[in-house]
Amino acid sequence: MPILAVALPSARATAAAAAAVVVDPSARRQTIRGFGGMNHPEWAGDLTAAQRDTAFGNSAGQLGFSILRIHVDEDRSNWSKEVATAQRAVAHGAIVFASPWNPPANMVETFTRGSQTNAQRLRYDMYGAYAQHLNDFTQFMKDNGVDLYAISIQNEPDYASTWTWWTASEIVTFLRNNAGSISTRVIAPESFQYIKSMSDPILNDSTALATMDILGAHLYGTAFSNFPYPLFQQKGQGKELWMTEVYYPNSTDSADLWPAALGVGEHMHHAMVDAEFQAYVWWYIRRSYGPMREDGQISKRGAIMAHFSKFVRPGYVRINAASNPQTNVYTSAYTGGSTVVIVAVNKATSAVSQQFTLANTSPSSVASYVTDAGRTLASLSGPSLANGTLTASLPAQSVTTFVVSVGSSSGNDTQAPSTPGTLTASQVTSTSVTLSWAASTDNTAVTGYDVVRLSGSTETAAASSTTNQATVTGLTAGTAYTFAVYARDAAGNRSSRSSTVGVTTSTGTSTGGCGVGYRVTSSWSGGFQGELVIQNTGTAALDGWTLTFSFTAGQTITQMWGGTAAQSGGAVTVTPADYTRSIPSGGSITVGFLADQGSTNPAPTGFTLNGGACTTA
């Protein structure tokens, strides 16, 4: 793929400039996990060694993909076919997740679904065995050097005439009763058309939601108007939102057909801006209609994807910018470290002039790249930059990516700090909470931390600190919040986001007393299942609570239901699920969990609820 040095068209040849797009790095939206595609050796043959590098490398002539999706075959003798490409993707820094189409044959039964008399579903008595099947695949990949980032319960459970059907209620049942035993992040429901009736029941069931880590969706034929998901924004705090499969606009045209390929840019724009997805994953990586042609060369559709994937890297955050500043022009913006990336899609048949003004920062230089009918990811000179505003000509029917260096720079430092350690909450009151985390490291020095409050995939600044502790104030009594933290260095580089912690502020009313019962309900080599019974022994109802205690022998909680656990070393903080939030006077609630253990497993010796010591039973 040639990289050409060309000059921008004269501004006189463009239409009159529209109002400037204000790009504000301080107005942060969702954190981007990455962009990628599917490899399916059993159906389409494996990628070659060179094609793996083209897909997951990020040098000239490479796509810069940071996500690989693979297949969980029902026949474990086929699992080894997934290893080589997954290993190479990981070597390039990509994450890998997996989706099944069918359970093993002995777990499936046939039933009548409408006119389909041979429909397949997972037998209800096999839910536990199926969870173990997914665990076995996860362990197989780990044994081969690939730690799966996540695993899905089922690919397209609502479009399954040739694979396994699931109803929304069956998915909820599996999540409630079995997903907690899965050893990696869980994806559901992967509806083929982002049908909200498949995912609404998960969001509306707090127990099921607690076990789902990523809401996955496909976008086949989904109208742009159906991309937003208000219920997820309302209830999906701390969860990720991924688009896990699509091809667009079709699978019949050549991926080099122009300007049809330009539609991929508009589709990705709406997926990032309107839907606020954190990941965008194509169907087959190598296909006549895919990002890579059958000969291993990058297609026009692939180049459009690369305008995002090569420059908007994992951990970058989408920031506010006008989405549609003029007719047929679509813009989105992202920030990471000391870089702001702007992607502009011009569907018009003539060039247009567009200004971009960077607020709350100081741009120092800009590079730009274009793909249009005659150029593919070509490097451009310019555009002009003055007083925080860059003025660019967007060629007819094109995608242009601008990479802007911003803020102060400490030499050539581009290395971000390490991710802050596990986030924990303490000293929860009706209006504040103190958050702590293990300190980050950096090649020069960590200069500060930014605490953010999460609402769905939206982040809001909550506090900043120069130490690994911060107190967030101004909270509302009796309200659930989710927080995370970033580290930053002197050059403006920002770490990946930490783990999240959920907190429910107190109502300001003391319970007058509490009791906690702790017991191990079952155990096995290296692990156990436990139970916490929290009693309100006071005279007033309790609405919202935070429980803290410590393990002393290295026990580590891996799953929890009825609450959310955050652990730093032996210190454990538990906050409630929606259905365990309120404890009436004289009443109790039960929280269950799974945990790893060492050679011994002593019980915690003390428990604190909302800052007060509890009796133990």
Side-chain angles (χ1 to χ4, degrees), residues 29-30 32-40 65-69 71 97 99 101 150 152-161 163 166 168 171 187-200 202-203 212 214-233 236 239-253 255 260-285 287 289-291 299 301-302 304-309 312 318 323-324 330 332 343 345 347 399 456-457:
R29 307 296 298 182
Q30 77 268 29
I32 304 302
R33 187 62 60 195
F35 305 86
M38 175 87 186
N39 186 50
H40 202 322
F65 282 176
S66 52
I67 298 178
L68 169 65
R69 184 184 186 218
H71 173 228
F97 77 98
S99 298
W101 271 246
S152 173
I153 292 172
Q154 173 66 47
N155 171 76
E156 295 181 355
D158 51 345
Y159 188 71
S161 59
W163 50 84
W166 293 63
I171 292 173
I187 301 175
E190 288 204 282
S191 165
F192 85 105
Q193 206 173 38
Y194 206 9
I195 302 298
K196 305 302 194 297
S197 60
M198 290 297 294
S199 48
D200 281 356
I202 301 172
L203 295 170
M212 183 195 74
I214 301 169
L215 196 154
H218 299 179
L219 293 179
Y220 290 112
T222 310
F224 293 153
S225 60
N226 289 334
F227 278 23
Y229 199 175
L231 186 64
F232 179 84
Q233 299 302 325
K239 308 299 179 181
E240 296 189 49
L241 182 63
W242 287 20
M243 197 290 294
T244 55
E245 183 187 314
V246 78
Y247 51 75
Y248 187 89
N250 55 48
S251 61
T252 54
D253 289 340
L262 188 60
V264 174
E266 183 183 6
H267 194 264
M268 295 182 72
H269 167 87
H270 288 292
M272 295 292 105
V273 174
D274 299 343
E276 296 196 86
F277 284 119
Q278 297 168 264
Y280 186 99
V281 182
W282 194 267
W283 180 221
Y284 289 133
I285 294 174
R287 214 61 170 171
Y289 54 85
S299 68
R301 290 183 181 180
I304 300 303
M305 289 190 69
H307 272 275
F308 292 85
S309 60
V312 182
R318 187 175 72 83
S323 170
N324 186 201
Y330 302 92
S332 60
V343 184
V345 180
K347 293 187 67 181
V399 178
S457 57

J.: Within this structure, what is the CE-CD distance for the pair M243 and E245, rounded to the nearest 0.5 Å?
T.: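 Answer rounded to 0.5 Å: 8.5 Å.
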J.: Rounded to the nearest 0.5 Å, what's the gap from CG on N226 to NZ on K196? Could you check?
T.: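 So the CG of N226 and the NZ of K196 are separated by 5.5 Å.
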J.: Judged by atom type as modelled, is there a donor-acceptor pair below 3.5 Å linking the side chain of D274 to the main-chain atoms of S225?
T.: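 Not at all, since once roles are kept as given, no pair shorter than 3.5 Å links the two residues.
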J.: Do R33 and Q278 have a side chain donor and acceptor closer than 3.5 Å?
T.: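 Checked: R33/Q278 side chains show no N/O donor-acceptor pair below 3.5 Å.
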J.: For this output row, return yes or no: ring centroids of F277 and Y194 closer than 6.0 angstrom.
T.: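 Here the rings of Y194 and F277 have centres that are less than 6.0 Å from each other.
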J.: Looking only at heavy atoms, what is the nearest atom pair of M198 and D158, with distance?
T.: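 The pair with the smallest heavy-atom distance is CG-OD2, 3.5 Å.
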J.: Quick one: does M272's side chain get under 4.5 Å of V312's, heavy atoms only?
T.: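 Heavy-atom side-chain distance check fails, nothing below 4.5 Å.
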J.: Do the ring planes of Y248 and F224 sit parallel (below 30°), tilted (30 to 60°) or perpendicular (above 60°)?
T.: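 Rings of Y248 and F224: tilted, 30 to 60°.
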J.: Mark yes or no: K239 above the aromatic ring of F232, with NZ or CZ under 6.0 Å from the six-membered ring centre and no more than 45 degrees from the axis.
T.: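 No.
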J.: Using only atom types and a distance under 3.5 Å, with no angle test, would you say the side chain of Q30 pairs donor to acceptor with the backbone of E240?
T.: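 Between the backbone of E240 and the side chain of Q30 there is no qualifying donor-acceptor contact (under 3.5 Å).
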J.: Donor-acceptor pair, W166 side chain versus A160 backbone, under 3.5 Å?
T.: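 No.
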J.: Quick one: does S299's side chain have a donor or acceptor within less than 3.5 Å of a partner on P291's backbone?
T.: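 Flag set: sc S299 to bb P291 pair under 3.5 Å.
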J.: Rounded at 0.5 Å granularity, tell me how far CG in L262 sits from NE2 in H267.
T.: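 It is 13.5 Å, given to the nearest 0.5 Å.
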J.: Are L203 and L215 close enough that some pair of their side-chain heavy atoms sits under 4.5 Å apart?
T.: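 The answer is yes; the side chains approach within 4.5 Å.
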J.: Can you tell me if Y220 has over 12 outside heavy atoms packed within less than 6.0 Å of its OH?
T.: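 Above 12, so yes.
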J.: Can you tell me how far NE2 of H270 sits from OG of S332, rounded to the nearest 0.5 angstrom?
T.: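 One gets 10.5 Å once the value is rounded to the nearest 0.5 Å.
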J.: With side chains defined as the heavy atoms from C-beta onward, is the minimum distance between P249 and R301 less than 4.5 Å?
T.: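 SC-SC contact between P249 and R301 confirmed.
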J.: Just by distance, no angles: are the side chains of R69 and T244 close enough, under 3.5 Å, to form a donor-acceptor pair?
T.: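 Short answer, no.
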J.: Out of curiosity, I153 CD1 to M212 CE, how far, rounded to the nearest 0.5 Å?
T.: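 Output value for this atom pair is 9.0 Å.
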J.: Could you tell me whether the side chain of M268 reaches within less than 4.5 Å of the side chain of V345, counting heavy atoms only?
T.: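 No; the side chains remain at least 4.5 Å from each other.
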J.: Please report the closest heavy-atom contact between W163 and Y159, naming both atoms and the distance.
T.: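 Of all heavy-atom pairs spanning W163 and Y159, the closest is CZ2-O, 2.9 Å.
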J.: Quick one: closest heavy-atom pair of A255 and G290, and the distance?
T.: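 Reported closest heavy-atom pair: CB-O, 3.3 Å.
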J.: So, applying ring pair (Phe, Tyr, Trp, His ring centres under 6.0 Å) with Y247, which one of Y280, Y284, Y289 is it?
T.: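 It is Y289; the other options fail the test.
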J.: Ignoring hydrogens, what is the shortest heavy-atom contact between G37 and F65? Give both atom names and the distance.
T.: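 Shortest heavy-atom separation between G37 and F65 comes out as N-CD1, 4.1 Å.
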J.: Classify the angle between the aromatic ring planes of W283 and H40 as parallel (below 30°), tilted (30 to 60°) or perpendicular (above 60°).
T.: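 Ring orientation, 0 to 90° scale: perpendicular.
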J.: Give me the atom names and distance for the closest heavy-atom approach of I171 to P189.
T.: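 Nearest heavy atoms, I171 then P189: CD1-CB, 3.8 Å.
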J.: May I ask you to decide if A217's main-chain N or O and S191's side chain share a donor-acceptor pair within less than 3.5 Å?
T.: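 Looks like no, no N/O pair under 3.5 Å.
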J.: For W282, enumerate each residue passing the ring-ring contact (aromatic ring centres under 6.0 Å, His included) test, keeping only those at least two apart in sequence or located in another chain.
T.: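 Residues passing ring-ring contact (aromatic ring centres under 6.0 Å, His included) with W282: none at all.
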J.: Taking the side chain as every heavy atom from C-beta outward, state whether Q154 and E190 have any atom pair closer than 4.5 Å.
T.: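 No - every pair of side-chain heavy atoms lies 4.5 Å or more apart.
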J.: Anything under 30° is parallel, anything over 60° is perpendicular, the rest tilted; go ahead and classify H269 against Y330.
T.: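 Plane angle between 30° and 60°, so tilted.
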J.: Is any side-chain heavy atom of F97 closer than 4.5 Å to one of I214?
T.: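 No, their side chains stay 4.5 Å or more apart.
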